[in-house]
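These numbers come from a predicted model, not from an experiment. We name chains A, B, ... by the order of the sequence lines, and we start the count at 1 in each one. Scope of the values below: all heavy atoms of this structure, side chains included, with no hydrogens, waters or symmetry mates.
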Protein chains: 4
Amino acid sequence: MRYMATDIQQSREGSKYACKKLVAIEAAARVFADKGFHGATTQDIAAEMGIQQGSLYYYFNSKEQALQEVCEYGLENYVACMAKICVKDQPFEAKMLAIVTSHLSHYRRQHSAMKVHNDQRLYLPVERRVRIKKLGSQYRDLLEKVLQVGIETGALRADIDTHFIAYSIIGICNAWGANLIRDGELDLSETIEHCSDLILYGTLSIK
Amino acid sequence: MRYMATDIQQSREGSKYACKKLVAIEAAARVFADKGFHGATTQDIAAEMGIQQGSLYYYFNSKEQALQEVCEYGLENYVACMAKICVKDQPFEAKMLAIVTSHLSHYRRQHSAMKVHNDQRLYLPVERRVRIKKLGSQYRDLLEKVLQVGIETGALRADIDTHFIAYSIIGICNAWGANLIRDGELDLSETIEHCSDLILYGTLSIK
Amino acid sequence: MRYMATDIQQSREGSKYACKKLVAIEAAARVFADKGFHGATTQDIAAEMGIQQGSLYYYFNSKEQALQEVCEYGLENYVACMAKICVKDQPFEAKMLAIVTSHLSHYRRQHSAMKVHNDQRLYLPVERRVRIKKLGSQYRDLLEKVLQVGIETGALRADIDTHFIAYSIIGICNAWGANLIRDGELDLSETIEHCSDLILYGTLSIK
Amino acid sequence: MRYMATDIQQSREGSKYACKKLVAIEAAARVFADKGFHGATTQDIAAEMGIQQGSLYYYFNSKEQALQEVCEYGLENYVACMAKICVKDQPFEAKMLAIVTSHLSHYRRQHSAMKVHNDQRLYLPVERRVRIKKLGSQYRDLLEKVLQVGIETGALRADIDTHFIAYSIIGICNAWGANLIRDGELDLSETIEHCSDLILYGTLSIK
DNA sequence: AATGAATGAGCATTCATTCAT
DNA sequence: CATGAATGAATGCTCATTCAT
């Protein structure tokens with residue numbers, strides 16, 4: 001019932017409900033990121049929003065739904081950004097830098113939602129994970145395609161396994177993303193540089 | 001009082017208590033790895049051991065203590081192995097391969113404890129994390145020292161940040177370790193090779 | 001304040017408010033009949049009317065008041081009909097048939113309100129039950145008087161307890177009334193015949 | 001888990017668990033009879049037993065299960081008694097008196113469980129009602145068979161509908177059963193006599 | 001060494017009710 | 001007239017923990 005109304009209201013950018021719903025998702029993201037899904041209480045989320053516990057159910061039908069929406073929210077922009085990077089025509093090194101920059105910037109922009117997606121999504125029942133899985137695959141596919149092009153244009157070694165490298169890039173970025181959230185002092189651009197450098201050149205001195 | 005007894009009994013390798021305690025830790029590790037600390041119940045752990053819920057308190061004073069012991073258990077061997085690798089005299093590439101092998105093998109040997117340490121340790125109150133932190137730092141320090149030696153012997157590029165690379169190596173290995181647990185089909189030695197290859201050589205074709 | 005308005009509007013037969021109020025009572029009756037007083041929610045009733053939950057309070061001051069009005073509504077016609085039957089001058093058998101017919105027809109005419117009165121009225125606090133009690137007594141009194149006349153005219157056995165028989169007749173009719181609601185296939189006139197037959201002649205073969 | 005144990009323990013008559021479980025069922029019966037299923041709280045039931053609310057779940061897995069067990073408990077003896085009466089060889093009038101006596105005595109013996117069965121069983125989801133339905137049908141079947149024999153032996157009029165009469169008998173008894181519970185002053189044997197008299201002879205004076 | 005029984009605090013969720021618009 | 005939004009108290013249920021046996 002709320003749902004039907006939502007669709008209508010989401011079309012109007014400024015709708016009050018859509019607005020507060022976003023606030024709710026972001027509050028939930030912060031709390032889940034901090035305490036984990038099972039460790040967080042609906043009271044925590046409500047308090048973060050400055051409303052009463054019961055009122056939270058005006059925005060979410062259940063705690064699980066809140067987690068689901070946080071995860072999807074965390075992925076949405078993230079995948080969209082990757083798509084934009086992919087279509088741009090630029091040399092491989094620049095592309096990789098852009099990808100790492102996008103990934104880590106998302107973390108720094110207080111997007112606890114990404115952390116929640118990484119750490120907590122498996123606590124959702126499978127039926128709540130279909131869209132999340134699809135978005136995740138999209139991201140990996142886009143990344144693999146970039147790598148494939150890199151090989152074809154001769155920028156990348158022909159013997160690398162694009163699937164493996166894609167996963168590893170995501171792994172490194174997530175590890176540093178978590179650090180960026182935990183440690184506010186950590187320099188973003190430095191981290192970006194280090195990450196893409198490792199991915200591109202490895203660690204050995206050139207002989 | 002149990003504690004004093006424990007110490008005595010742990011000295012005798014074959015003591016029954018020490019034995020069942022290990023079983024308890026491993027059961028707890030499996031359950032925590034599967035459901036997360038807050039998502040797991042003491043009933044789950046007891047069931048995994050085949051005992052009654054109340055009996056669990058013969059082995060752990062609290063659920064939190066169980067998590068603490070699982071995390072420490074996950075790190076112990078892991079750090080010890082790293083120490084052994086460090087003292088061995090071998091070229092850098094071989095050392096890196098040994099390190100990655102050790103890290104990933106620990107995951108594959110059903111050591112859910114490592115996964116628990118990675119994902120759940122932050123749910124422990126700080127005072128329960130002192131030993132865990134120490135073991136973690138030890139590991140990173142050892143790894144950084146290996147990298148430092150690599151630079152000094154000219155094997156590694158002089159411009160890399162050892163601290164950053166150490167964290168990244170751990171990040172990559174943990175990401176793939178999680179995959180190894182989730183996907184039993186995944187080939188261990190292949191994964192090891194891929195990981196160390198990426199760390200050493202990066203992805204660019206050599207010009 | 002609504003109350004004063006109500007009184008004014010109820011005087012005008014065709015008033016919109018009185019009309020929708022009736023719709024509200026009947027919606028509440030259906031919902032209470034289906035789910036019971038405590039099992040039904042104000043949301044259920046509002047949905048049955050096609051309005052929002054909050055808007056319900058335009059028609060009822062509280063859920064309890066809704067139950068009260070449903071119960072009274074269920075009894076009103078029912079008692080009025082009985083009164084009409086009583087004043088008619090006809091032989092006892094015909095009267096009994098008319099009474100049973102009236103009682104069961106009320107059930108079949110979708111009057112969930114009667115079911116609600118039977119099953120749920122005791123969940124009302126005593127102070128809300130005064131009118132209901134009065135109407136109920138009226139009905140029983142009228143019925144007892146009919147029986148009394150039956151005895152006096154020699155139609156009925158002199159040794160029956162009118163109070164007891166009145167209760168029993170109501171009991172049988174309510175039992176079959178519930179069946180009539182539950183099972184739409186059940187034939188009304190057949191049921192009426194069976195009931196009055198049992199009440200009049202019992203089950204033994206005449207010797 | 002408790003369940004398996006239950007079977008074992010129920011075999012030992014005096015088992016502590018089986019004993020307290022019975023106490024629990026009877027407490028639940030009283031509370032449900034008084035406040036209705038939805039109007040009763042688990043706290044009410046626990047208080048009636050003199051234990052804490054949480055402890056109630058040692059005996060019932062859910063409030064619904066409690067209702068189910070109460071209903072089944074209410075029917076068990078009731079059906080068993082009817083079975084005993086049926087096999088006895090006695091004239092129809094005596095049999096009917098025995099049936100009514102059994103039915104109403106069950107009510108008076110504080111068996112709130114029967115009231116709960118009558119008023120609340122429909123709030124159970126169908127899958128929880130299978131056994132209840134079976135027991136109910138058994139009772140009606142036994143009663144119909146008695147009536148059938150009554151017709152065959154010439155005790156009863158040949159033109160009565162056994163199905164209808166069975167339902168009516170149950171209806172009358174339940175109506176008076178409810179009165180017996182509500183009004184402790186009401187004389188049991190008088191009520192029994194009145195009921196069977198009505199069923200057998202009806203109300204008309206014999207011509 | 002283990003268990004059955006109980007506890008009590010905590011939690012997600014529901015729901016009657018209110019009220020500004 | 002009607003609604004969207006919010007409230008806060010209640011409720012069913014879970015679970016870590018305790019303890020006598």
Side-chain angles (χ1 to χ4, degrees), chain A residues 1-2 5-6 9 15-17 20-21 38-46 49-66, chain B residues 2 5 16-17 20-21 37-46 49-66, chain C residues 2 5 16-17 20 37-46 49-66, chain D residues 1-2 5 9 15-17 20-21 38-46 49-66:
Chain A
M1 53 236 73
R2 189 88 291 273
T6 303
Q9 289 172 321
S15 117
K16 253 190 187 166
Y17 182 81
K20 276 217 116 181
K21 170 92 187 204
H38 288 112
T41 70
T42 54
Q43 165 61 34
D44 292 333
I45 301 173
M49 284 181 69
I51 61 172
Q52 291 306 111
Q53 192 193 22
S55 311
L56 196 66
Y57 285 74
Y58 192 66
Y59 300 102
F60 301 116
N61 292 322
S62 71
K63 196 185 167 191
E64 251 182 17
Q65 203 208 27
Chain B
R2 190 81 308 263
K16 253 192 183 167
Y17 182 80
K20 276 217 115 182
K21 169 91 187 202
F37 175 64
H38 287 111
T41 70
T42 54
Q43 164 61 32
D44 292 331
I45 300 171
M49 287 181 67
I51 61 172
Q52 290 309 109
Q53 194 188 16
S55 311
L56 197 66
Y57 284 73
Y58 191 66
Y59 301 104
F60 301 115
N61 292 322
S62 72
K63 198 186 167 191
E64 252 181 14
Q65 202 207 29
Chain C
R2 190 71 319 254
K16 252 190 184 170
Y17 182 80
K20 276 215 110 183
F37 175 64
H38 287 112
T41 70
T42 54
Q43 164 60 31
D44 291 333
I45 301 171
M49 288 180 67
I51 61 172
Q52 290 307 111
Q53 194 187 15
S55 311
L56 198 66
Y57 285 74
Y58 191 67
Y59 301 102
F60 300 115
N61 291 321
S62 71
K63 196 185 167 192
E64 250 181 16
Q65 202 208 29
Chain D
M1 55 238 69
R2 188 96 282 280
Q9 288 173 321
S15 118
K16 250 188 189 166
Y17 182 81
K20 276 216 114 182
K21 170 94 189 203
H38 288 112
T41 69
T42 54
Q43 164 61 32
D44 292 333
I45 302 172
M49 287 181 68
I51 61 172
Q52 292 305 112
Q53 190 197 21
S55 310
L56 196 66
Y57 285 75
Y58 193 66
Y59 299 102
F60 300 116
N61 292 322
S62 70
K63 196 185 167 191
E64 249 182 19
Q65 204 208 25

Identify which nucleotide among [options] has an atom closest to any side-chain atom of [X], counting heavy atoms from C-beta outward.
X: Y57(D); options: dT17(F), dC13(F), dA2(F); value: dC13(F)
X: I51(C); options: dT7(E), dT13(E), dT3(F); value: dT3(F)
X: S55(A); options: dT7(F), dT17(F), dT17(E); value: dT7(F)
X: T42(B); options: dT13(E), dA5(F), dT17(F); value: dT17(F)
X: Y58(A); options: dG8(F), dT3(E), dA5(F); value: dA5(F)
X: T41(B); options: dC15(F), dT18(E), dC11(E); value: dC15(F)
X: Q53(D); options: dT13(E), dG12(F), dA6(E); value: dG12(F)
X: Y59(A); options: dT17(E), dA6(F), dA16(F); value: dA6(F)
X: K20(D); options: dT13(E), dA6(E), dG4(E); value: dA6(E)
X: K16(D); options: dA5(E), dA2(F), dA6(E); value: dA5(E)

Sugar-phosphate, base or nothing in reach of L56(D), heavy atoms under 4.0 Å: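 No contact at all - L56(D) keeps every heavy atom at 4.0 Å or more from the nucleic acid.
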
Sugar-phosphate, base or nothing in reach of A40(A), heavy atoms under 4.0 Å: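 A40(A): backbone/sugar contact only, no base atoms under 4.0 Å.
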
Distance, rounded to the nearest Å, where D44(B) contributes CG and dT17(F) contributes C1':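 Distance check: D44(B) CG to dT17(F) C1' gives 16 Å.
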
Value in whole Å for how far the C1' atom of dA2(F) lies from CD of Q52(C):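 Whole-Å distance recorded here is 9 Å.
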
Which atom names give the shortest non-hydrogen contact between [X] and [Y], and what distance separates them?
X: L56(B); Y: T42(B); answer: CD2-O, 3.6 Å
X: Q65(A); Y: Y59(A); answer: OE1-O, 4.3 Å
X: M49(A); Y: K20(A); answer: CE-O, 4.1 Å

Each stem that DNA chain E is part of, given as range with range (3 or more consecutive Watson-Crick or G-U pairs, under 3.5 Å):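 Looking at DNA chain E, the stems formed by three or more consecutive pairs are E:2-21 with F:2-21.
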
Distance in Å, I51(D) CD1 paired with Y58(D) OH, rounded so as to fall on 0.5 Å steps: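 So the gap between those two atoms works out to 11.5 Å.
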
Reported CG-to-CD distance for the pair D44(D) and Q53(D), which is rounded to 0.5 angstrom: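 Atom-to-atom, D44(D):CG and Q53(D):CD are 9.5 Å apart.
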
K63(C) (side chain) donor-acceptor with A40(C) (main chain) under 3.5 angstrom: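 Yes; judged by distance alone, with no hydrogens or angles, the pair exists.
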
G54(B) vs Q43(D), nearer the 5' end of DNA chain F by closest nucleotide: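 Looking at DNA chain F, the more 5' nearest nucleotide goes with Q43(D).
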
Heavy-atom side-chain contact between F37(B) and H38(A) under 4.5 Å: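 Of all side-chain heavy-atom pairs linking H38(A) with F37(B), none is under 4.5 Å.
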
